[in-house]
Amino acid sequence: MTNPNPISRLEYPGSQGANAAPLISPRNYTFLQTYIYRESGIVLDDDKQYLFESRLRPIVIREGLASIDALCDLVATGRSPALATRVIDAMTTNETLFFRDTAIFEVMKTTVLPELIAAAGSRKLRIWSAASSTGQEAYSLAITLLEARIDPSRVEIIGTDLCEQVVERAATGKYVQFEVGRGMPILLLMKYFTKVGLDWQIKPEVRNMVHFQKLDLRGSFAALGKFDLVLCRNVLIYFDATTKEQIIASIAKTILPGGMLVLGCAETLISVDHKYERKVFGHSTFYAVR
Ligand SMILES: C[S@@+](CC[C@H](N)C(=O)[O-])C[C@H]1O[C@@H](n2cnc3c(N)ncnc32)[C@H](O)[C@@H]1O
């Protein structure tokens with residue numbers, strides 16, 4: 001993992017522009033790649049200089065450090081776990097929106113969820129939003145269930161993510177205008193949110209359907225129990241083939257008979273060794289365990 005572009009010249013307050021010292025040395029670029037991979041499984045290639053700089057710069061400034069190199073040196077000592085967590089959190093990509101890929105939620109409302117709840121019989125339907133980011137996916141599911149007139153007391157939704165900051169934010173169920181503007185239909189916004197100042201607070205009836213917790217998908221998630229439906233969307237793209245295969249195999253063990261996995265629209269299991277069978281509903285693909 002050699003860095004082809006070792007000279008980075010970020011404009012920190014007081015820096016001398018083009019004459020400023022490089023802020024990520026080749027040694028620390030390699031350290032960051034290795035460290036982030038070890039702590040999250042996220043692969044950051046040799047051309048991600050700008051990403052490290054733009055994501056780590058705010059931490060450098062907030063901590064009053066001289067440079068990203070200084071931040072790396074501090075993280076490498078292992079003496080500041082809180083700082084290390086912030087570095088890892090900063091390098092996760094938390095991009096998400098409500099009802100991402102609308103067709104999937106439509107087919108869940110009309111077909112998949114009613115079928116799963118019927119099959120669940122007297123037990124609760126269990127759904128897992130793995131890599132839930134700031135919660136939009138999990139709350140979209142909760143709203144979909146309510147819109148499908150499924151009794152919320154018969155459902156349990158768990159949202160998990162590696163990034164501590166997004167887990168905390170998801171649990172608040174509070175979103176700014178820009179966030180609800182991304183994917184939340186106006187009628188559902190009016191029905192399931194309350195305006196609080198400039199923000200939108202999801203109503204307790206929706207928030208109480210979802211629980212969030214921190215979880216690394218590479219670790220054991222046996223403690224979460226088994227699920228009828230797992231959404232693992234737009235996260236596998238950040239991993240290498242080995243990590244992807246391991247996560248996909250672990251998820252298969254958590255899926256109840258008749259249950260299914262959903263990936264992001266641009267994701268497939270092609271070239272991954274797996275035990276799933278493709279099931280197509282309308283234009284949407286689900287994966288059942290063979
Ligand atoms: C792009 S978001 C996807 C959010 C949502 N699933 C969606 O499709 O809109 C990817 C999320 O994966 C999380 N993530 C990255 N590595 C992870 C890991 N090893 N374990 C659990 N979550 C991880 C990130 O923190 C981030 O919030």
Side-chain angles (χ1 to χ4, degrees), residues 32-45 48 51-52 55-56 59 84-105 108 127-144 157-173 175 178-184 202 210-224 227 229-251 254 260-268 284-287:
L32 283 170
Q33 285 178 308
T34 313
Y35 187 73
I36 299 299
Y37 180 71
R38 194 187 76 200
E39 298 299 318
S40 68
I42 296 169
V43 176
L44 290 157
D45 294 330
K48 293 292 185 284
L51 200 67
F52 281 121
R55 302 267 183 96
L56 299 181
I59 302 178
T85 300
R86 278 172 54 202
V87 166
I88 298 154
D89 280 7
M91 294 316 300
T92 59
T93 296
N94 311 122
E95 163 70 12
T96 188
L97 57 146
F98 288 104
F99 297 100
R100 189 172 194 171
D101 311 319
T102 336
I104 290 259
F105 287 92
M108 281 202 264
I127 305 179
W128 177 22
S129 166
S132 51
S133 187
T134 35
Q136 284 87 331
E137 181 176 274
Y139 289 130
S140 300
L141 273 165
I143 291 173
T144 302
I157 304 172
I158 298 174
T160 65
D161 201 284
L162 173 78
C163 176
E164 225 164 86
Q165 284 170 3
V166 297
V167 169
E168 282 166 17
R169 266 219 59 209
T172 67
Y175 296 93
F178 170 73
E179 290 168 318
V180 294
R182 295 187 71 203
M184 181 57 65
I202 203 146
V210 191
H211 294 95
F212 293 96
Q213 70 181 70
K214 182 175 168 168
L215 183 124
D216 186 342
L217 284 171
R218 297 166 311 151
S220 163
F221 31 79
L224 293 182
F227 294 93
L229 189 62
V230 178
L231 279 79
C232 184
R233 305 171 72 222
N234 305 300
V235 60
L236 296 175
I237 41 169
Y238 299 104
F239 304 136
D240 59 21
T242 313
T243 310
K244 201 168 157 177
E245 250 170 51
Q246 179 235 310
I247 293 172
I248 283 297
S250 305
I251 290 177
T254 75
M260 286 182 290
L261 164 71
V262 189
L263 301 175
C265 260
E267 296 170 313
T268 68
S284 304
T285 302
F286 288 67
Y287 294 90

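Positions are given from 1, in the same order as the sequence printed here. Start at 1 and go down the list; that is how both ligands and their atoms are numbered.
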Original post:
Looking at residues at least two apart in the chain, or sitting in another chain, which of them share a salt bridge (Lys or Arg N to Asp or Glu O under 4.0 Å) with Asp216?
Top reply: Arg218
Subject >> side chain to side chain donor-acceptor pair (under 3.5 Å) against Thr93, all qualifying residues, sequence neighbours excluded >> reply: Arg55
Output block, N or O contacts of ligand 1, threshold 3.5 Å exclusive:
{"residue": "ligand 1", "atom": "6 (N)", "partner": "Ala131", "partner atom": "O", "Å": "2.8"}
{"residue": "ligand 1", "atom": "6 (N)", "partner": "Glu137", "partner atom": "OE1", "Å": "3.2"}
{"residue": "ligand 1", "atom": "6 (N)", "partner": "Arg233", "partner atom": "O", "Å": "2.9"}
{"residue": "ligand 1", "atom": "8 (O)", "partner": "Arg100", "partner atom": "NH1", "Å": "3.2"}
{"residue": "ligand 1", "atom": "8 (O)", "partner": "Arg233", "partner atom": "O", "Å": "3.2"}
{"residue": "ligand 1", "atom": "8 (O)", "partner": "Asn234", "partner atom": "ND2", "Å": "2.7"}
{"residue": "ligand 1", "atom": "9 (O)", "partner": "Thr96", "partner atom": "OG1", "Å": "2.6"}
{"residue": "ligand 1", "atom": "9 (O)", "partner": "Arg100", "partner atom": "NH1", "Å": "2.7"}
{"residue": "ligand 1", "atom": "19 (N)", "partner": "Ser40", "partner atom": "O", "Å": "2.8"}
{"residue": "ligand 1", "atom": "19 (N)", "partner": "Asp216", "partner atom": "OD1", "Å": "3.0"}
{"residue": "ligand 1", "atom": "20 (N)", "partner": "Leu217", "partner atom": "N", "Å": "2.9"}
{"residue": "ligand 1", "atom": "22 (N)", "partner": "Leu162", "partner atom": "N", "Å": "3.3"}
{"residue": "ligand 1", "atom": "25 (O)", "partner": "Asn94", "partner atom": "ND2", "Å": "3.3"}
{"residue": "ligand 1", "atom": "25 (O)", "partner": "Asp161", "partner atom": "OD1", "Å": "2.6"}
{"residue": "ligand 1", "atom": "27 (O)", "partner": "Asn94", "partner atom": "ND2", "Å": "3.0"}
{"residue": "ligand 1", "atom": "27 (O)", "partner": "Asp161", "partner atom": "OD1", "Å": "3.4"}
{"residue": "ligand 1", "atom": "27 (O)", "partner": "Asp161", "partner atom": "OD2", "Å": "2.7"}

Original post:
Taking only residues two or more places apart in sequence or in another chain, which ones pass side chain to side chain donor-acceptor pair (under 3.5 Å) with Arg100?
Top reply: none
**OP:** Please determine, by modelled atom types, if Ser129 and Glu137 share a side-chain donor-acceptor pair under 3.5 angstrom.
**Re:** yes
Subject >> Pair Glu245-Thr243, side chain to side chain donor-acceptor pair (under 3.5 Å): steps then yes or no >> reply: CA-CA 5 Å; Glu245 250 170 51; Thr243 310; over 6 Å; no
Subject >> Test item: side-chain donor near acceptor, Trp128 and Thr254, under 3.5 Å >> reply: no
